Amino acid sequence: MKGFVIVAPLAFLLSAAPVFAQAAQQPPAQPKPAPPLTQPPATPPAQPAQPPAPFPVGAKTAFINPQRIFPESVEGKAAVARINTLIQKKQTEGQDRQKALQANQQKLQTSGAVMNEQARSQLEKEIEKQQVDGQRFQQDAQAEIQELQNEVQQEFIKKVSPLIEAVAKEKGLQMVFDLSNAGLAWWDPGLDLTTDVIKKLDGAKPATPPKP
C-alpha cells in the first residue's frame, strides 16, 4: 500500500452558488462581477443499512470507496464542518458588503438628481470603491476556502492511507483499489473494505472539533 492516493474525496460534496446578488441598477463602468463563492457542502442523503457481505475466502485484492469514508466517518464529518464554518463566515460578510452597496446604489437612484455635483460625485466614487472591494473580497474568500479544502483533504489522506494499509495487511491482501478511479465494471461486495477503514478511523481518536 505504499504510495496509495485517494483522489478528491471532497469533490462530490462541494458545489458553487453565487453570494453577491446583482443590483437592479448599476452605475456605468462597473467592474466585472467576481466568480461566486462556494456553497456549503450539502448533506448526503442517508443510505439504508445493508448487512455486510462476507469477505471472500482467499481473496488477494479488495477496494475502498473514498466517497463513503468522508461523509460516514466522524473525522470526515468534522472536516466538512470546518469548511462549512468558513464558508458561512465569508457568506455573511459578503452579504453585509452587498447590503451596504445596494443602500448606496438606492440612494444614488432616488436622490442623485437633487444632490449637488460634489456630493453626487463622492457617492459615485464610494459605490465604485465598494464594487472593487467586493470583487477583491470575493476572490480572496474563494481562494481561502479552496486553500482550506485542500488542507483538509491532505490531512484526511494522511490519516486514512495507513489505515487502509493496516486493514489490507490484516486480510493478507496484495492490492487495494480506489473505487472512484479504478474503473471496475464488477466486484464482489464482500471485497469492499470501506466500512473496516471507517471503523478504524473513528476508533483511532476523537475527531477534532471545527474551529470557530
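For clarity, every value in this text was computed on a predicted model and none was experimentally measured. Heads up: numbering here begins at 1 and tracks the sequence.
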Pair Q106-Q102, side-chain contact (heavy atoms from CB on, under 4.5 Å): steps then yes or no: CA-CA 6 Å; Q106 182 65 25; Q102 289 177 335; over 6 Å; no

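When all heavy atoms are compared, the tightest approach of T194 to N65 is OG1-N, 2.8 Å. When every heavy atom of A79 is checked against every heavy atom of F70, the shortest pair comes out as CB-CE2, 3.7 Å. In this structure, P66 and L179 approach most closely via the heavy-atom pair CD-N, 4.4 Å. Across K200 and A166, no two heavy atoms sit closer than the pair CE-CB, 4.2 Å. D178 and S180 make their closest contact through OD1-OG, 2.6 Å (heavy atoms, listed as atom of the first residue, atom of the second, distance). The two atoms that bring P71 and K77 nearest to each other are O-CE, 3.0 Å, heavy atoms only.
W187 CH2 to T61 OG1: the interatomic distance, rounded to the nearest 0.5 Å, is 13.0 Å. Note that the OG atom of S121 and the CG atom of N116 stand 10.0 Å from one another [nearest 0.5 Å]. Once rounded to the nearest 0.5 Å, the distance linking CG of L123 with CD1 of I127 reads 4.5 Å. Atom CD of E147 sits about 7.0 Å away from atom CD of E151, to the nearest 0.5 Å. In this structure, CG on L148 lies 11.5 Å from CD on Q153, to the nearest 0.5 angstrom. We find the CG-CD distance between L86 and Q149 to be 9.0 Å, quoted to the nearest 0.5 Å.
For E155, the salt bridge (Lys or Arg N to Asp or Glu O under 4.0 Å) test picks out R82, with sequence neighbours left out. Under the side-chain contact (heavy atoms from CB on, under 4.5 Å) criterion, K171 pairs with F55, V167, L173, L193, D196, not counting sequence neighbours.
No side-chain heavy atom of Q122 sits under 4.5 Å from any side-chain heavy atom of M115. Contact check for Q138 versus Q142: no side-chain heavy atoms found under the 4.5 Å cut-off.
Other residues, nucleotides and ligands place more than 12 heavy atoms under 6.0 Å from the CD atom of E170.
Of the possible polar contacts, one joining the S73 side chain to the I69 backbone as a donor-acceptor pair under 3.5 Å is found. In this structure a side-chain-to-backbone donor-acceptor pair under 3.5 Å is present from D202 to V74.
L108 is not connected to V114 by any chain of hydrophobic side-chain contacts under 4.5 Å among Ile, Leu, Val, Met, Phe, Trp and Tyr, and they are in different clusters.
In this structure, R136 does not pair ionically with D140, as no charged nitrogen and carboxylate oxygen lie closer than 4.0 Å. Of the charged side-chain nitrogens involved, none lies within less than 4.0 Å of a carboxylate oxygen, so that E93 and K89 do not count as a salt-bridged pair.
Side chains of Q154 and N150: a donor-acceptor N/O pair is absent below 3.5 angstrom, by distance only.
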